[in-house]
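As structure tokens, the structure follows; a few thoughts come after it.
Protein chains get the first letters and strands the later ones, always in sequence-line order, with residue 1 at the start of each. These numbers come from a predicted model, not from an experiment.
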Protein chains: 2
Amino acid sequence: MVDDWLSALESERASMGRASASEKVADALRTRIIEGDLRPRTRLSEERIGAALGVSRNTLREAFHLLGHERLVVREFNRGVFVRALDHDDVRDLYRFRRILEVSSIRQAAIDGSDLTRLHAAVDEGGAAAAVEDWRGLGSANMHFHEALAALAGSRRVDEAMRQVLAEMRLVFSTMSDPRTFHEPYLEGNRQLAALLAAGDHDEAERALLTYLDRAEAQLLAAMTT
Amino acid sequence: MVDDWLSALESERASMGRASASEKVADALRTRIIEGDLRPRTRLSEERIGAALGVSRNTLREAFHLLGHERLVVREFNRGVFVRALDHDDVRDLYRFRRILEVSSIRQAAIDGSDLTRLHAAVDEGGAAAAVEDWRGLGSANMHFHEALAALAGSRRVDEAMRQVLAEMRLVFSTMSDPRTFHEPYLEGNRQLAALLAAGDHDEAERALLTYLDRAEAQLLAAMTT
DNA sequence: AAACTAGCGATTGTTCAACAATCCCGCAAT
DNA sequence: ATTGCGGGATTGTTGAACAATCGCTAGTTT
């Protein structure tokens, strides 16, 4: 095709000038939350943050709505917005939901032959990040792996549900002191899972995924102070 | 317990005065959309609706955000918000998602013994509605049935995902001319499914559910003009 | 006649400032 | 220890203003 670059441009449009003011503010806050600068339970004052970012309260409000939609913050009527704090029940529920989504994705992959390129790309991304000891990058690669896994279901709604879940997972990770401990062990697990899927052994892949998730959940619950 | 009524009060808190203006506006619009008064593709003019409901554009905008979050409306940049119009792909994806959620709920029910009271209540509600030929009420009862079914998973996130899906389903039903055709056949299916679950025959229940959903999807797709 | 372009009106996106409503905190009173 | 009551601070909501963009019409060009 002569206009191959057209689709490439199309994909970049989201990060271009199309970002409205409220979306840019939401991006900034999202980064601060994920990076752990804004700890859970922190109240986000409209006045202070609006002044800091140089936007009006109304714009800030729309940004808060976006973040609330992603469950990164919670809005309490007449009290303000707070950085979300997840408790043990939340983590348990997140993993319950992940089991449903990811297992069904693997089963769907067993039915219709699936494209595993994204999955392998995520594995490679994680390997590269671990090689240079970029543990936060490894965490992102891990997210991409599970996003690609969920994509095997071939459903837009599953994709978005998974994105939502992973955003909340970042919220948990942000409270952890040592990212290496929580991401490095799963690099090998991802590689193994991808290999099982490539080999077509979906039953074993499902078992491996479940033990994988069980272990991750237990480790996270144990590390949570609250 | 002596303070049994406390939980009853707790459940009513949501419908109290705690609703903000934007939420009340969103409620009103949601009803109009679900009832079919606002047809898909209808453009929701900020000026006109704001005047009709007596709220400012800013408040209306927040309500639009809420409805957009529920996928009942879509926002097109610089063009306005429109009542969502679902196409065949949307319906297929909705049912793919429903299969994932509802099947996993049944399997979860097979593991931990589950409380089926809500399920039976929904069946009874449907029977009562059909007895007085309240087809829209039958539709609601049907929704409640599947909501109760999803609740068997015991996951807040599954509950909300299911609520979201059912809201979108209403969007499809609202375009249908004869609600009876699309709800009455499933009254018996619901009753049967509840009986199978009560009997503990989860495998058969799963099979019944899948054929149920396949049939519903096919019927809906066939009835969609667009 | 058909197609293209410039301009105009209408609508949305964004910001601002002000007022009303509500909550939080400390203090007093029972 | 619990209840009732301000005062101060923060959020909820409004209305207006300006900029940016879209859809349409009219006029021009080929």
Could you tell me whether [X] and [Y] make a salt bridge, using a distance below 4.0 angstrom between a side-chain N and a carboxylate O?
X      : Y      : answer
A:D90  : A:R84  : yes
B:E168 : A:R157 : yes
B:R71  : A:E160 : yes

Would you indicate whether A:R92, at its atom CZ, is surrounded by more than 12 heavy atoms from other residues, nucleotides or ligands within a distance under 6.0 Å?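 Result for CZ/A:R92: enclosed.
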
Please determine whether side-chain contact (heavy atoms from CB on, under 4.5 Å) holds for the pair A:L38 and A:L44, giving the CA-CA distance in whole Å, both sets of side-chain angles, and the decisive distance to 0.1 Å. CA-CA 9 Å; A:L38 288 170; A:L44 301 179; 4.1 Å; yes

Nucleotides 7-12 of chain D: protein proximity per nucleotide (B base, S sugar-phosphate only, - neither; heavy atom, under 4.0 Å): ---SBB

Value in whole Å for how far the P atom of C:dG13 lies from CD of B:E62: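 Those two atoms, CD and P, are 14 Å apart.
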
Whole Å only: how far is the CD atom of B:E23 from the C1' atom of D:dT13?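 The distance from CD of B:E23 to C1' of D:dT13 comes to 14 Å, rounded to the nearest Å.
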
